[in-house]
Asks: 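Okay, handing you the structure first.
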Amino acid sequence: MIEWDAAKIKAFQTTLLDWYDRAGRDLPWRHDQEPYHVWVSEIMLQQTQVQTVIPYYERFMDWFPTLKALADAPEERLLKAWEGLGYYSRVRNMQRCARQLINDYDGQWPQTAAELTELIGIGPYTAGAIASIAFGEAVPAVDGNAYRVFSRLLEIDADVAKPQTRTVFERAISRIISRERPGDFNQAIMDLGASYMTARQPDSAHSPVKAFNQAYLDGVEAQYPVKTKKPRPVPVAYVAVLATMADRWLMVQRPSTGMLANLWTVPLLAVTDLDLADDATDAELLHAVTTTFTKDYQLTLTDVQLVSGRPVTHTFTHQKWTIRLVRATVQPADLAYFDGRAVTEKQLAALPMPKVQEKVFVRYQAETKDR
DNA sequence: GAGGCGTGGTC
DNA sequence: TGACCAAGCCT
């Protein structure tokens with residue numbers, strides 16, 4: 001890691017901010033410095049690309065224009081607004097944070113990063129982003145862009161996959177950040193990280209800060225940032241039960257904790273819970289599905305059949321699901337004890353569902369048309 | 001502090 | 001396909 005003197009720091013600030021004034025992106029959440037707007041955008045942008053976020057942000061502001069609207073929203077509507085964005089605890093934590101602000105802070109945002117970190121769902125990065133952008137506090141906002149940009153500029157060799165590395169970057173950036181325009185400085189770093197200083201195939205030769213990019217000047221840019229690899233997703237097998245009662249689909253809500261919390265899917269049975277031998281036949285599978293389904297949902301399945309075709313696969317960060325599809329019907333009288341909903345096609349649209357559920361429906365329709 | 005927690009895009 | 005990446009936080 002190299003050090004910059006005061007003159008070089010000043011020159012870097014000027015170069016970076018001049019470029020940002022000239023070429024910074026016009027994004028919907030940059031039209032003002034409302035902390036609510038900054039906050040919503042920053043939460044959406046966690047692990048998510050700008051192009052994906054823009055339409056979600058516009059709709060979110062339409063549905064929940066104020067902190068109070070968000071605090072008062074039904075969770076189903078909230079999750080619907082987030083449907084397809086992933087990491088769904090983000091939006092549930094946002095509502096908890098909105099209520100926290102209203103109840104404990106008189107509806108007023110605290111204005112320092114140190115205080116913002118106390119709020120639910122706001123960690124070191126988001127606190128720095130809100131404090132600098134909305135309130136002008138000269139604090140770093142260390143995200144993936146900052147790791148990428150500053151590891152190259154300063155040849156920082158610390159492993160960015162390790163939590164304690166963040167403090168290394170915070171200390172370095174704290175010395176370099178503009179005291180006059182900290183919010184613009186942090187956003188300029190993000191724009192730089194999304195344009196010239198990308199993860200793959202950076203274009204440092206044309207970067208406005210190439211003269212400050214030590215790794216580039218030394219021809220070792222490809223080495224940065226240093227990051228250890230994550231383990232591969234573990235395989236998990238399910239059977240999806242597409243069950244109807246008259247013209248209604250049987251849908252169940254996932255538990256309030258863990259993966260896809262509180263989202264809706266068709267009943268999913270873990271194959272490990274079916275107690276099947278490795279060489280089990282389709283008939284044995286369907287029998288096990290029928291008995292397990294009855295035990296789990298107090299419903300009797302009839303006309304149980306395997307939907308032909310390949311299983312649906314869906315890869316999460318840490319799990320790879322393989323889902324076989326089973327079609328069945330249930331008797332209306334049984335629904336009294338069903339812990340879920342029997343919904344029409346139209347009602348289905350109001351339920352927040354994960355992407356993997358959409359894949360299951362799409363596959364089912366593809367397999368059953370013209371039959 | 002390692003692992004849980006989504007999705008879309010690129011190579 | 002699989003591997004990796006993209007404005008992280010929580011437990």
Side-chain angles (χ1 to χ4, degrees), chain A residues 24-25 27-30 37-57 79 82-94 96-97 116-130 132-133 140-149 159-167 169 183 185-195 197-202 222 225 227-236 254-263 265 310 313-322 352-359:
Chain A
R25 292 173 290 182
L27 299 169
W29 47 89
R30 287 183 176 173
H37 297 165
V38 177
W39 172 57
V40 171
S41 68
E42 291 301 338
I43 299 294
M44 285 188 172
L45 286 161
Q46 288 171 10
Q47 304 289 284
T48 311
Q49 300 202 26
V50 167
Q51 292 311 321
T52 303
V53 164
I54 290 174
Y56 280 92
Y57 177 84
L79 287 170
W82 214 262
E83 186 181 68
L85 259 190
Y87 288 141
Y88 298 93
S89 67
R90 289 185 290 176
V91 72
R92 302 195 310 134
N93 283 340
M94 279 177 78
R96 294 174 63 198
C97 179
L116 288 162
T117 311
E118 300 301 313
L119 296 168
I120 294 164
I122 297 185
Y125 162 74
T126 306
I130 298 173
S132 62
I133 297 169
V142 183
D143 66 342
N145 287 303
Y147 280 142
R148 205 159 52 248
V149 170
D159 182 356
V160 302
K162 296 191 179 302
Q164 69 268 27
T165 296
R166 187 173 44 77
T167 63
F169 282 74
F185 180 96
N186 284 332
Q187 293 184 93
I189 295 299
M190 297 173 203
D191 282 15
L192 204 53
S195 55
M197 300 186 69
T198 49
R200 278 185 288 225
Q201 298 177 337
K227 176 154 54 175
T228 54
K229 296 175 183 172
K230 299 245 167 150
R232 289 176 23 179
V234 300
V236 183
R254 293 186 57 84
S256 59
T257 59
M259 280 185 74
L260 310 174
N262 287 0
L263 294 177
T265 67
R310 298 175 293 117
T313 62
H314 187 81
T315 305
F316 300 93
T317 310
H318 59 297
Q319 288 181 12
K320 179 177 177 177
W321 287 9
T322 303
M353 288 177 279
K355 187 58 60 178
V356 63
Q357 177 55 56
E358 184 187 325
K359 283 190 188 178

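Just so we're clear, the structure is a prediction, and the values are computed from it rather than from any experiment. We name chains A, B, ... by the order of the sequence lines, and we start the count at 1 in each one.
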Asks: Describe the nucleic acid contact of A:P124 in one word from base, sugar-phosphate, nothing, applying a heavy-atom distance below 4.0 Å.
Replies: sugar-phosphate
Asks: Check whether any side-chain N or O of A:K162 sits under 4.0 Å from OP1 or OP2 of B:dG1, and answer yes or no.
Replies: no
Asks: Find the distance A:I43:CD1 to C:dG8:P and express it as a whole number of Å.
Replies: 11 Å
Asks: Considering all heavy atoms of both residues, which atom of A:A127 and which atom of A:I122 are nearest to each other, and what is their separation?
Replies: N-CG2, 3.5 Å
Asks: Distance between the C1' atoms of B:dG6 and C:dC5, in whole angstroms?
Replies: 14 Å
Asks: Whole angstrom is fine here: how far is it from CD in A:E118 over to C1' in C:dC10?
Replies: 14 Å
Asks: Any base atoms under 4.0 Å from A:W82, or only sugar-phosphate, or nothing? Heavy atoms, all strands.
Replies: nothing
Asks: Given atom CZ of A:R232 and atom C1' of C:dT1, what is their separation to the nearest angstrom?
Replies: 11 Å
Asks: Given the side-chain rings of A:W82 and A:Y56, with only the six-membered ring counted for Trp, is the space between their centroids under 6.0 Å?
Replies: no
Asks: Which is true for A:V53 with a 4.0 Å heavy-atom rule: it touches a base, it touches only sugar-phosphate, or it touches nothing?
Replies: nothing
Asks: Remember a base hit wins even if backbone is also touched, and classify A:R30 as base, sugar-phosphate or nothing at under 4.0 Å, heavy atoms.
Replies: base
Asks: When the ring planes of A:H314 and A:F316 are compared, do they come out parallel, tilted or perpendicular, using 30° and 60° as the limits?
Replies: perpendicular
Asks: Under the salt bridge (Lys or Arg N to Asp or Glu O under 4.0 Å) rule, what do A:R166 and A:D143 come out as? Steps first, then yes or no, please.
Replies: CA-CA 9 Å; A:R166 187 173 44 77; A:D143 66 342; over 6 Å; no
Asks: Counting side-chain heavy atoms from C-beta on, which of B:dA2, C:dG2, C:dC5 comes nearest to A:K320?
Replies: C:dG2
Asks: Does A:E42 or A:I120 map to a spot on DNA chain C nearer the 5' end, using the closest nucleotide for each?
Replies: A:E42
Asks: Any idea which heavy atoms bring A:T198 and A:P202 closest together, and the distance?
Replies: OG1-CA, 3.5 Å
Asks: Taking the C1' atom of each, how far is B:dG1 from C:dC10, in whole Å?
Replies: 12 Å
Asks: Count the heavy atoms of every other residue, nucleotide or ligand shown that sit under 6.0 Å from CD of A:Q164, and state whether that count exceeds 12.
Replies: yes
Asks: Quick one: is C:dG8 close enough that its OP1 or OP2 comes under 4.0 Å of any side-chain N or O from A:R166?
Replies: no
Asks: Starting at the 5' end of nucleotides 5-11 of chain B, put B wherever the base has a protein heavy atom under 4.0 Å, S where only the sugar-phosphate does, and a dash everywhere else.
Replies: BBBBBBS
Asks: Looking at A:R148 and A:G193, would you say the former's side chain and the latter's main chain have a donor-acceptor pair under 3.5 Å?
Replies: yes
Asks: How is A:R92 classified with respect to the nucleic acid when contacts are heavy atoms under 4.0 Å: base, sugar-phosphate, or nothing?
Replies: nothing
Asks: Heavy atoms only, 4.0 Å cut-off, all strands: where does A:Q164 land among base, sugar-phosphate and nothing?
Replies: sugar-phosphate
Asks: Mind calculating the distance between CH2 (A:W321) and C1' (C:dT1) to the nearest angstrom?
Replies: 20 Å
Asks: Is there a donor-acceptor contact under 3.5 Å linking the side chains of A:R90 and A:Q46?
Replies: no
Asks: Using whole Å, what does the distance between atom C1' of nucleotide C:dC9 and atom CH2 of A:W39 come to?
Replies: 14 Å
Asks: Rounded off to whole Å, could you give me the CG-to-P distance for the A:L116 and C:dG8 pair?
Replies: 17 Å
